[in-house]
Amino acid sequence: MTLAQGIQFLALFVFAAATLLGLLRFLLGPATPDRLVATDTLTVVATSILVFMAAFLDSALYLDVALVYGVLAFVGVIALARIIETGHK
Amino acid sequence: MSNATPKAAGHIDRHPSTESGLTLLVMVAIVWLLLTGSLAIQELVAGVLVTLAVTLIAYPRSGILGGVRWSFALPWYILVYLWVFTLALFKSNFDVARRVLTPSLPIRPGIVQVRTNLTSALGRMLLANSITLTPGTLTIDVENDLLTIHWIDCPPDIDLDTATAAIATDFEVALRRFVR
Amino acid sequence: MINILGSLFILVGALFCFLGALGLMRMPDVYNRIQTGTKAVTLGVLFTLLGVGFLHPDWWAKLIAIGGFLLMTNPVGSSVIARALYKAGVQPWRAEGDR
């Protein structure tokens with residue numbers, strides 16, 4: 001294993017830790033807005049991980065996945081925020 | 001003009017015009033070039049067709065893109081803005097890192113208002129984005145020319161002009177050169 | 001050499017993502033969580049994109065597309081959430097003894 005691969009494995013663990021913390025905030029709440037913020041952060045971290053995976057697995061396909069995922073996540077967050085704003089529970 | 005869009009935030013003209021359509025066309029073309037990432041002739045022909053089609057379909061909604069000041073120096077001005085922005089983004093992240101990693105959590109949040117001189121929807125959107133990504137500030141709302149901002153380290157009893165100078169002025173100077 | 005540099009950039013990006021998530025856990029109220037979440041994670045993504053750009057220089061066009069898209073939408077998403085909270089009447093947390 002080369003040094004570059006070692007660093008990438010380390011990055012993989014750090015990404016996993018970030019995802020876990022975000023997930024913890026999502027589970028702990030305490031209210032819907034907190035979960036929404038956690039979702040927003042998690043989606044961007046996930047986009048980041050997808051881009052990293054493209055390099056890690058050496059496949060440019062994941063870049064398209066990351067882009068489309070980013071677009072859909074953004075639309076989802078906006079829609080959920082709208083629901084909070086207008087007060088539908 | 002203002003009575004045509006009664007629910008729009010502020011006195012912003014959101015009607016599509018030749019100029020906003022041009023902005024849309026250029027943006028779609030750039031996105032196409034970045035997504036295909038090639039200058040092969042068949043990609044370019046397809047790109048011209050797709051760009052024109054998308055621009056025609058989206059033109060009625062392109063009003064929010066109005067307000068770009070077209071000039072030959074436009075790419076340069078955008079680069080200068082991106083430089084200012086990147087510096088602020090770095091500063092803000094070291095700021096965030098310091099606050100998060102300090103055990104006592106040194107924050108003093110408050111909500112302030114800031115006035116902007118930008119008149120177009122695009123300009124205000126870019127300003128709000130920049131403010132959100134820079135040290136300790138988060139744009140909550142944009143109403144007319146007032147931006148409501150959540151400040152993570154808010155000095156007590158700050159007034160509108162001081163807050164504007166502290167938060168918005170740097171970006172406005174960079175932004176006003178290429179957007180109204 | 002360039003591989004190590006790219007991997008280091010990715011690692012820095014991952015660390016910023018972690019920092020954002022840590023801020024999400026530590027901050028006392030939802031506005032501050034949005035702040036740390038958005039800022040640190042945005043820079044984290046940019047660093048990751050830069051690192052991947054070093055590893056695969058031929059992907060630069062798509063990486064710029066992803067980066068530009070995230071820079072435009074990520075702050076908007078945060079602002080929209082904050083605005084929804086503000087409109088719904090959520091007051092920001094205040095430090096003790098501060099008014």
Side-chain angles (χ1 to χ4, degrees), chain A residues 2-26 28 31 33-34 36-45 47-52 54-56 58 60 63-64 66-67 70-71 73-78 80-87, chain C residues 1-8 10-25 29-31 33-34 36-38 40-42 44-49 51-56 58-59 62-63 65-66 69-70 73-74 76-78 80-88 90:
Chain A
T2 63
L3 180 60
Q5 276 175 325
I7 297 173
Q8 285 179 25
F9 268 108
L10 195 60
L12 210 53
F13 278 105
V14 178
F15 273 129
T19 315
L20 273 180
L21 275 181
L23 207 58
L24 203 57
R25 173 50 70 198
F26 181 82
L28 289 178
D34 301 272
L36 183 54
V37 175
T39 314
D40 187 31
T41 309
L42 274 177
T43 54
V44 186
V45 174
T47 313
S48 191
I49 294 175
L50 279 170
V51 173
F52 172 54
F56 197 70
D58 213 5
L63 291 184
D64 300 303
L67 193 61
V71 174
F74 174 63
V75 174
V77 166
I78 296 285
L80 286 171
R82 272 288 158 83
I83 290 173
I84 290 183
E85 189 171 336
T86 52
Chain C
M1 196 58 223
I2 199 100
N3 280 344
I4 294 176
L5 194 65
S7 305
L8 278 177
I10 293 177
L11 183 61
V12 172
L15 283 173
F16 271 114
C17 285
F18 178 74
L19 204 67
L22 191 66
L24 211 58
M25 281 309 293
D29 85 332
V30 65
Y31 293 108
R33 282 177 198 147
I34 299 175
T36 49
T38 320
V41 166
T42 306
V45 172
L46 290 185
F47 265 115
T48 311
L49 290 170
V52 173
F54 273 112
L55 295 180
H56 294 267
D58 49 322
W59 291 353
K62 203 159 275 180
L63 292 176
I66 297 176
F69 174 78
L70 280 170
T73 58
N74 202 17
V76 174
S78 310
V80 169
I81 298 176
R83 187 182 121 106
L85 295 173
Y86 194 63
K87 288 269 160 85
V90 178

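A note on names: the letters A, B, ... follow the listed sequences, proteins ahead of strands, and every chain is numbered from 1.
To the nearest 0.5 Å, atoms CG (A:Asp40) and OG1 (C:Thr38) are separated by 6.5 Å. The structure places OG of C:Ser7 at 10.5 Å from CD1 of C:Ile2, a figure rounded to the nearest 0.5 Å. In this structure, C:Leu8 CG and A:Ile7 CD1 are separated by 4.0 Å, a value rounded to the nearest 0.5 Å. Note that OG1 of A:Thr41 and CG of A:Leu21 are 11.0 Å apart. Values are rounded to the nearest 0.5 Å. Between atom CG of residue A:Leu36 and atom CD1 of residue C:Ile81 there is a gap of 4.0 Å, rounded to the nearest 0.5 Å. To the nearest 0.5 Å, atoms OG1 (A:Thr47) and CD1 (C:Ile66) are separated by 8.5 Å.
Of the atoms belonging to A:Ala54, heavy atoms from both backbone and side chain fall under 4.5 Å from chain C. Interface residue C:Leu15: backbone and side-chain heavy atoms are both found under 4.5 Å from chain A. Both the backbone and the side chain of A:Asp34 come within contact range of chain C, with heavy atoms under 4.5 Å apart. When heavy atoms are compared at a cutoff of 4.5 Å, A:Leu20 does not approach chain C at all. Both the backbone and the side chain of C:Leu22 have a heavy atom closer than 4.5 Å to some heavy atom of chain A.
For the pair C:Ile34 and C:Leu85, the minimum side-chain heavy-atom distance is below 4.5 Å.
Between C:Phe69 and A:Phe74, the ring planes are perpendicular. Angles over 60° get that label, and only those under 30° would be called parallel.
Counting heavy-atom pairs closer than 4.5 Å to chain C, the top residue among A:Ala31, A:Gly22, A:Ser48 is A:Ser48. Interface remark: of the candidates A:Thr2, A:Val71, A:Leu42, A:Val71 forms the most heavy-atom pairs closer than 4.5 Å to chain C. Across A:Leu24, A:Leu28, A:Ile49, the residue that shares the most heavy-atom pairs under 4.5 angstrom with chain C is A:Leu24. Interface summary for chain A: among C:Val45, C:Leu24, C:Thr48, C:Val80, the most heavy-atom pairs under 4.5 angstrom belong to C:Leu24. Chain A forms more heavy-atom pairs under 4.5 Å with one residue of C:Lys62, C:Lys87, C:Arg33, C:His56 than with any other, namely C:Arg33. Looking only at heavy-atom pairs under 4.5 Å with chain A, the residue among C:Ile10, C:Val76, C:Leu49 that has the most is C:Ile10. Contact count against chain C (heavy-atom pairs under 4.5 Å) is highest for A:Leu67 among A:Val77, A:Leu23, A:Leu67, A:Thr43. Per-residue heavy-atom pair counts under 4.5 Å with chain C were compared for A:Ala16, A:Ala38, A:Ala17, and the maximum is reached by A:Ala17. Contact tally against chain A (heavy-atom pairs below 4.5 Å) for C:Asp58, C:Leu11, C:Leu46: the top residue is C:Leu11.
Looking only at distances, a side-chain donor or acceptor of A:Thr19 sits under 3.5 Å from a matching main-chain atom of A:Phe15.
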